[in-house]
Enquirer: 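Sharing a structure, written as structure tokens. Questions coming.
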Protein chains: 2
Amino acid sequence: MRQQKRATIVDVGRSAGVSTKTVSRVFNGEPHVSDSIRQRVRAAAEALNYHPNVMARALVQRRSNLIGLVYENPSSSYVTELQMGVLHRLRGERYRLVVIPIESVAEHAGEVVALLRSAGLDGVVLAPPASDDARILNDLASAGIRCARIAPTRLLDAAPGATVDDVVAAREIAAYLIDLGHRDIAIIKGDPTHASAEARLLGYSQAFHAAGLALRLDRIEPGLFTRDSGYEAAMRLLARPDRPTAILAQNDEMAVGALIAARECGLGVPHDLSIVGFDDSDVARIAWPAITTVRQPVFDMAVAAADMVVAQLEGGLAETLRAHDHALVVRGSAAAPSA
Amino acid sequence: MRQQKRATIVDVGRSAGVSTKTVSRVFNGEPHVSDSIRQRVRAAAEALNYHPNVMARALVQRRSNLIGLVYENPSSSYVTELQMGVLHRLRGERYRLVVIPIESVAEHAGEVVALLRSAGLDGVVLAPPASDDARILNDLASAGIRCARIAPTRLLDAAPGATVDDVVAAREIAAYLIDLGHRDIAIIKGDPTHASAEARLLGYSQAFHAAGLALRLDRIEPGLFTRDSGYEAAMRLLARPDRPTAILAQNDEMAVGALIAARECGLGVPHDLSIVGFDDSDVARIAWPAITTVRQPVFDMAVAAADMVVAQLEGGLAETLRAHDHALVVRGSAAAPSA
DNA sequence: CATCCCTATGACAACGTTGACAATGCGAGC
DNA sequence: GCTCGCATTGTCAACGTTGTCATAGGGATG
């Protein structure tokens, strides 16, 4: 049973004895169609197994009903949660979600919007670091593609977004470690192309200064927000003769990496080494010990961002920023230093 | 700088002094265009900031270049890995991935293809349990949407897919527990609407019988392949006076749930209770103790399935099944029973 | 009873591209 | 020099919808 030449609106019209326009009206739930005709059209459509052609509709209406999610590091649970948030908002709506992974936003910023254009998207949700890329925001505007951003830190007036205060959150979790009694705290930094890496570092340093501690550059190890990079960075830190008593990882994935590294070095967490993360992503709960972290409401931010895109597409609503709260989540991966 | 009336192919043609057809040829890399004209057209397009209209193209060519991924349980790392596999295969190609989460395939099978139609997809990758749904396969064929299936177990001739031998894999991991010395083994079953739940159960029972053990129905707890359902099921099992010495969870998510339940019951894993999973998903590595499981090459299967969809779309290639190997992955969550 | 307005319906062009086919021009073979 | 073939370019319709505007009829209004 190979499909035979999909029926068109013309066929339905002919079969029901009405004009194509009337069929169109029926299928779009428009008023000004008598019930009898409405029924007749539906019956004819059913009989012919008619289904509207989305592309033709998209062409004439100039909207594809496709919304994109642009992100960089596909394996992270951060992105998974973002996606779930966007899908949650889009559920039941006519919009579909297209996922657009970009290998390196920093390197390919110029090509990103061309890619989105070639997908015919109506709007996009930009995850970091694309959410902070001036080039992308600019191209998007001139391409007429609506957007909303996740955790933007710069150009806050350029486009709407769901924000979170990285600096304060980072300050709080660093203060938590200091309050526990830690004085020698190392930092595993995130991908430097993400603005939040700097913001979180700033928060840490504020907490350090408030406690009269110095921010030692030799205690900062670079990472990329990936589990592997966290593992590597922790290995470098723990191999030193004067290893720190605690590690501030700039996200949970890297904290998990550090956890694995500690395990391999024979260090008990939190007894021999405290580790804290950032984000409160899924992995923080699964890991053992479960990771003490700062909750970023990623899911909610994604819902909000998707909502902003939809709002622009439907009503052309005013563009705004929506602030989201963080919260310290104390679990088992940090304790007072043993020595 | 609001965008001004996107330039069309007609504008470019006029500006370059050639016909629209020639412009079309240039943008599609077709032969039979002289270099001088090719250059002239490109320059004109550049000057006008022309970008082809994907929807018009899609309409006339009858292909949207959209491929869908249909799945049910969005939070699972299984789906995340599937998605990464599909994206990996599609990278650099002209196809885009649209994610189609379905709340309950069993309940909404009739509406699924309508949803796919309304997204204008050219093809889809079906994850379980959609991959085993006769209604969906049938509707898909009559809608002319190509598909490939992940881990199909029924109607193997109906459509191509990437298969894995659930029965044998399940038999192997059950045999592993038995070899360790376990005699009282409980089972946490997966979502009964997924055919693999039955297949894995069959594999377990084969191993039991080979060892002269009975498959006790009162040792089988229902689950849904989700972490929470695994937690609940394990709680029920561990609350009993005669708790088992080992648990066979039908996937890793549920094994993680069981792990958390054991922890809350004050049971050490693997000392007091052995737990094994299925899939070798991401969480199995992160959990502590890391979960002993059977590796299903989910990523590779997704790559293969995506490949099959693309192949059908490009060449109309012959439809086949591709078998993928499993492998026992021994980690720390199972050991010989202590008593 | 004439007028007006509103509902129900249809005719036709437009959306921006590509496919089928025609036309042109130029060099080669005879 | 004439014909043939091929490379190059163009013309026009088609893809399947929806938007705009026109038209016919049927009360309500005066």
Side-chain angles (χ1 to χ4, degrees), chain A residues 3-42 44-45 48-66 94 117-122 143-144, chain B residues 3-42 44-45 48-66 94 117-122 143-144:
Chain A
Q3 77 283 358
Q4 66 284 47
K5 262 186 130 112
R6 289 181 58 153
T8 75
I9 208 173
V10 182
D11 303 320
V12 177
R14 185 164 29 226
S15 159
V18 298
S19 75
T20 62
K21 180 66 211 190
T22 300
V23 179
S24 167
R25 274 191 268 257
V26 170
F27 272 87
N28 290 289
E30 288 175 27
H32 305 311
V33 180
S34 69
D35 285 345
S36 67
I37 287 208
R38 210 176 276 274
Q39 262 185 300
R40 199 138 50 93
V41 168
R42 288 207 189 286
L48 293 171
N49 189 30
Y50 166 76
H51 293 268
N53 180 316
V54 248
M55 297 163 212
R57 218 202 298 248
L59 173 61
V60 66
Q61 296 189 149
R62 289 200 187 74
R63 44 184 12 251
S64 61
N65 292 325
L66 295 177
R94 63 162 175 275
R117 272 193 143 115
S118 78
L121 303 180
D122 287 345
Chain B
Q3 77 281 359
Q4 66 284 48
K5 260 186 142 89
R6 288 181 58 155
T8 75
I9 208 172
V10 181
D11 302 321
V12 177
R14 187 166 28 228
S15 159
V18 298
S19 76
T20 62
K21 180 66 214 193
T22 301
V23 179
S24 167
R25 275 192 267 259
V26 171
F27 273 86
N28 289 290
E30 288 176 28
H32 306 312
V33 180
S34 70
D35 285 345
S36 68
I37 287 208
R38 212 176 274 274
Q39 263 185 300
R40 199 140 47 95
V41 168
R42 288 208 187 287
L48 293 171
N49 189 32
Y50 166 76
H51 294 267
N53 180 316
V54 248
M55 298 165 216
R57 219 203 294 250
L59 173 61
V60 67
Q61 296 190 147
R62 289 197 185 74
R63 46 183 11 250
S64 61
N65 292 325
L66 295 177
R94 64 163 175 276
R117 271 194 144 114
S118 78
L121 304 181
D122 287 343

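In what follows, chains carry the letters A, B, and so on, assigned in the order in which the sequence lines appear, proteins first and then strands, with residues in each chain numbered from 1. This structure is a prediction, so every number in the text was calculated from the model and none was measured.
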Enquirer: Measure CZ/A:Arg6 against P/D:dA14 and give the value in whole Å, please.
Expert: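 Taking CZ of A:Arg6 and P of D:dA14, I get 20 Å after rounding.
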Enquirer: Assign each of B:Ser36 and B:Leu59 to its nearest nucleotide of DNA chain D by heavy atoms, then name whichever residue's nucleotide is nearer the 5' end.
Expert: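 By nearest-heavy-atom nucleotide position, the 5'-most residue is B:Ser36.
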Enquirer: Which pair of non-hydrogen atoms, one from B:Val23 and one from B:Val41, has the smallest distance, and what is that distance?
Expert: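 In this case the closest contact between B:Val23 and B:Val41 is CG1-CG1, 4.0 Å.
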Enquirer: Starting at atom CZ of A:Arg63, determine the distance to atom C1' of D:dT18, rounded to an integer number of angstrom.
Expert: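 The distance from CZ of A:Arg63 to C1' of D:dT18 comes to 14 Å, rounded to the nearest Å.
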Enquirer: How many whole angstroms separate atom NZ of B:Lys21 from atom P of D:dA13?
Expert: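 That distance rounds to 15 Å.
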Enquirer: In whole angstrom, what separates A:Asn53's CG from D:dT17's P?
Expert: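 Spelled out: CG on A:Asn53 to P on D:dT17 is 5 Å.
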Enquirer: Kindly indicate whether the side chain of B:Asn53, heavy atoms from C-beta on, has any atom under 4.5 Å from the side chain of B:Thr8.
Expert: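 No. Closest side-chain heavy atoms not under 4.5 Å.
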Enquirer: Taking the side chain of B:Thr22 as heavy atoms from C-beta outward, which of D:dT18, C:dG16, D:dT9 is closest to it?
Expert: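 Minimum distance to the B:Thr22 side chain belongs to D:dT9.
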Enquirer: Between B:Tyr50 and B:Ala7, which heavy-atom pair has the shortest distance, and what is it?
Expert: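 Taking B:Tyr50 first and B:Ala7 second, the nearest heavy atoms are CD1-O, 3.2 Å.
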Enquirer: Can you check the A:Met55 CE to C:dT17 C1' distance for me, whole Å?
Expert: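 Distance check: A:Met55 CE to C:dT17 C1' gives 13 Å.
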Enquirer: Tell whether A:Arg25 reaches the base of C:dG10 with its side chain through a donor-acceptor pair below 3.5 angstrom.
Expert: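 Flag set: donor-acceptor pair detected.
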Enquirer: Can you check the B:Asp35 CG to D:dT9 P distance for me, whole Å?
Expert: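 Taking atom P of D:dT9 as the reference, CG of B:Asp35 is at 10 Å.
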Enquirer: On the nucleotide D:dT9, are OP1 or OP2 found under 4.0 Å from the side-chain N or O atoms that B:Ser34 carries?
Expert: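 It does, given that an N or O in the side chain of B:Ser34 lies less than 4.0 Å from OP1 or OP2 of D:dT9.
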Enquirer: Judged by modelled atom types alone, do B:Asn65 and B:Arg57 share a side-chain donor-acceptor pair under 3.5 Å?
Expert: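 There is no such pair between these side chains.
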Enquirer: Starting at CD of B:Glu30 and ending at P of D:dT9, how long is that distance when rounded to a whole Å?
Expert: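 Distance check: B:Glu30 CD to D:dT9 P gives 13 Å.
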Enquirer: Is there a donor and acceptor pair, one atom on the side chain of B:Arg62 and one on the base of D:dG16, closer than 3.5 Å?
Expert: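 A donor-acceptor contact between them is absent.
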Enquirer: Map B:Ser19 and B:Val60 onto DNA chain D by nearest heavy atom, then report which one ends up closer to the 5' terminus.
Expert: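 Mapping each residue to its closest nucleotide by heavy atoms, the 5'-most match is B:Ser19.
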Enquirer: When all nucleic acid strands are considered with a 4.0 Å heavy-atom cut-off, which category describes A:Pro52: base, sugar-phosphate, or nothing?
Expert: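 Touches sugar-phosphate only.
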Enquirer: Less than 4.0 angstrom between a side-chain N/O of A:Ser24 and OP1 or OP2 of D:dT17, yes or no?
Expert: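 It does not, given that no N or O in the side chain of A:Ser24 lies less than 4.0 Å from OP1 or OP2 of D:dT17.
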Enquirer: With a 4.0 Å cut-off on heavy atoms, is A:Tyr50 in touch with a base, just the backbone sugar-phosphate, or nothing at all?
Expert: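 The answer is sugar-phosphate, as A:Tyr50 gets under 4.0 Å only of primed atoms, P, OP1 or OP2.
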Enquirer: Donor-acceptor pair, B:Arg40 side chain versus B:Ala16 backbone, under 3.5 Å?
Expert: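 Side chain of B:Arg40 to backbone of B:Ala16, a donor-acceptor pair under 3.5 Å: yes, one is there.
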Enquirer: Take the protein atom CZ of B:Arg57 and the nucleotide atom P of C:dG16, then report the distance between them rounded to whole Å.
Expert: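 Answer to the nearest Å: 14 Å.
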